[in-house]
Number of protein chains: 2
Amino acid sequence: MKKNNCRSNCPLSITLDIIGDKWSLLIIRDMIFMKKKYYGDFLNSSEKIATNILSNRLKSLESHSFITKTKDSNNRSKFIYQLSKKGVDLFPILLEMILWGDKYNDNSSLPSEFIQKIKKDKDKMVHELLNSIN
Amino acid sequence: MKKNNCRSNCPLSITLDIIGDKWSLLIIRDMIFMKKKYYGDFLNSSEKIATNILSNRLKSLESHSFITKTKDSNNRSKFIYQLSKKGVDLFPILLEMILWGDKYNDNSSLPSEFIQKIKKDKDKMVHELLNSIN
DNA sequence: CTGTATCCTTAGGGATACTG
DNA sequence: CAGTATCCCTAAGGATACAG
């Protein structure tokens, strides 16, 4: 599940070895933009992740300390998944990917006001997010 | 080889569908930072990409117009691979990944001056790169 | 409903042979 | 040397059954 075969010490290569798959960043996205925190929330994202993959990725993200997993005090037998600071630090990567994906795809689903906001307030957004997890 | 099964219209998901693999961005990196442009150059990167994968990814990158492939006028039977504007626009993603990978990995191989430069001159670097391909 | 495990298919990728 | 093709193995991932 978790691959530790890092290919080189280039930081880019390291990053790709850890989060260079098709699902991890989508989960992070859901946490950030949709405020999702429960297993079922993630299952219902529009990309329809399979339940075994979700389980697998949550473990991987947790093992890399991108997220924390704590018992829901209201509902035992349920867990809350939350971003850690290390996870929030992926936000800039996310934003750049969103900007790129939007720029080069006509069918991008995001309203242009939001894209404008990202372009303008990128650093501010990162900051706010950091504050919000403390 | 080239997957067109896009999972959703979220720009992040779109981006991941196109360049969310372990090799494409490394090739782009070599083009930008190492000024590599020949097949053999890419083969010799420190991550030791297999020749069939390299061939495959170059085609994929070309099919998505990230790079152009032109005959070398000096040496027939040799091609020059070059970044297009669309490819250069991946640079911000690259930079954020480099910063992240460096921040969270002690064995990152990049000198800290370079990391500082990226942090400070990110936008400037993108600009210069854009100019250099015209 | 929250997950995990299992089965199975396909895609990614390594080694290497091969062609111009 | 530049690049493609083949062989084969492993990892990624979908479907679905199953357990708490």
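Keep in mind that what you see is a predicted model, and the values were worked out from it rather than measured. Just so it is clear: chains get the letters A, B, ... in the order the sequence lines come, proteins before strands, and each one is counted from 1.
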- Sequence neighbours excluded - ring-ring contact (aromatic ring centres under 6.0 Å, His included) pairs with any residue from residues 71-91 of chain B: B:Phe33-B:Phe91
- Which residue pairs satisfy the ring-ring contact (aromatic ring centres under 6.0 Å, His included) criterion with at least one member in residues 115-134 of chain B, sequence neighbours excluded? none
- How does protein contact run along nucleotides 14-20 of chain D, one letter per nucleotide 5' to 3', with B for base contact, S for sugar-phosphate only, - for none, heavy atoms under 4.0 Å? BBB----
- For atom CZ of A:Phe42 and atom P of C:dG3, their distance in whole Å: 10 Å
- Task: Under the side chain to side chain donor-acceptor pair (under 3.5 Å) rule, collect the residues that match up with B:Ser45, sequence neighbours excluded.
- Result: none
- Message: If I take atom CZ in residue B:Arg76 and atom C1' in nucleotide D:dC1, what distance separates them, rounded to the nearest angstrom?
- Response: 16 Å
- Item | For atom CG of B:Leu58 and atom P of D:dT4, their distance in whole Å | 8 Å
- Message: Looking at B:Lys71 and B:Arg76, would you say the former's side chain and the latter's main chain have a donor-acceptor pair under 3.5 Å?
- Response: no
- Task: Using a 4.0 Å heavy-atom cut-off across all strands, classify B:Tyr81 as base, sugar-phosphate, or nothing.
- Result: sugar-phosphate
- Could you tell me which residues satisfy salt bridge (charged side-chain N to carboxylate O under 4.0 Å, His left out) with A:Lys85, sequence neighbours excluded, listed by chain and number? A:Asp89
- Item | Distance-only polar pair, side chains of A:Tyr104 and B:Thr15, donor-acceptor under 3.5 Å | no
- Message: Rounding to an integer number of Å, can you tell me how far B:Lys22 NZ sits from C:dA11 C1'?
- Response: 14 Å
- From CG of A:Asp17 across to P of D:dA12 the rounded distance in Å is 11 Å
- Task: State whether B:Ser55 places a side-chain N or O below 4.0 Å from either non-bridging phosphate oxygen (OP1 or OP2) of D:dG3.
- Result: no
- Note on the structure: Under a 4.0 Å heavy-atom cutoff, the residues of residues 32-40 of chain B touching DNA chain D are B:Tyr39, B:Gly40
- Item | d(CG, A:Asp21; P, D:dT10) in whole Å | 21 Å
- Task: Could you pull out all residues at least two apart from A:Asn105 that satisfy side chain to side chain donor-acceptor pair (under 3.5 Å)?
- Result: none
- Take the protein atom CD1 of B:Ile80 and the nucleotide atom P of D:dA2, then report the distance between them rounded to whole Å. 12 Å
- Hits for salt bridge (charged side-chain N to carboxylate O under 4.0 Å, His left out) against B:Lys36, two or more places apart or cross-chain, chain-then-number order -> B:Asp30
- May I ask you to evaluate whether B:Arg57 reaches the phosphate of C:dG12, defined as a side-chain N or O under 4.0 Å from OP1 or OP2? no
- To the nearest angstrom, the CD-C1' distance between A:Glu47 and D:dA12 comes to 17 Å
- Considering residues at least two apart in sequence or located in another chain, which fulfil the salt bridge (charged side-chain N to carboxylate O under 4.0 Å, His left out) criterion with A:Lys122? A:Glu96
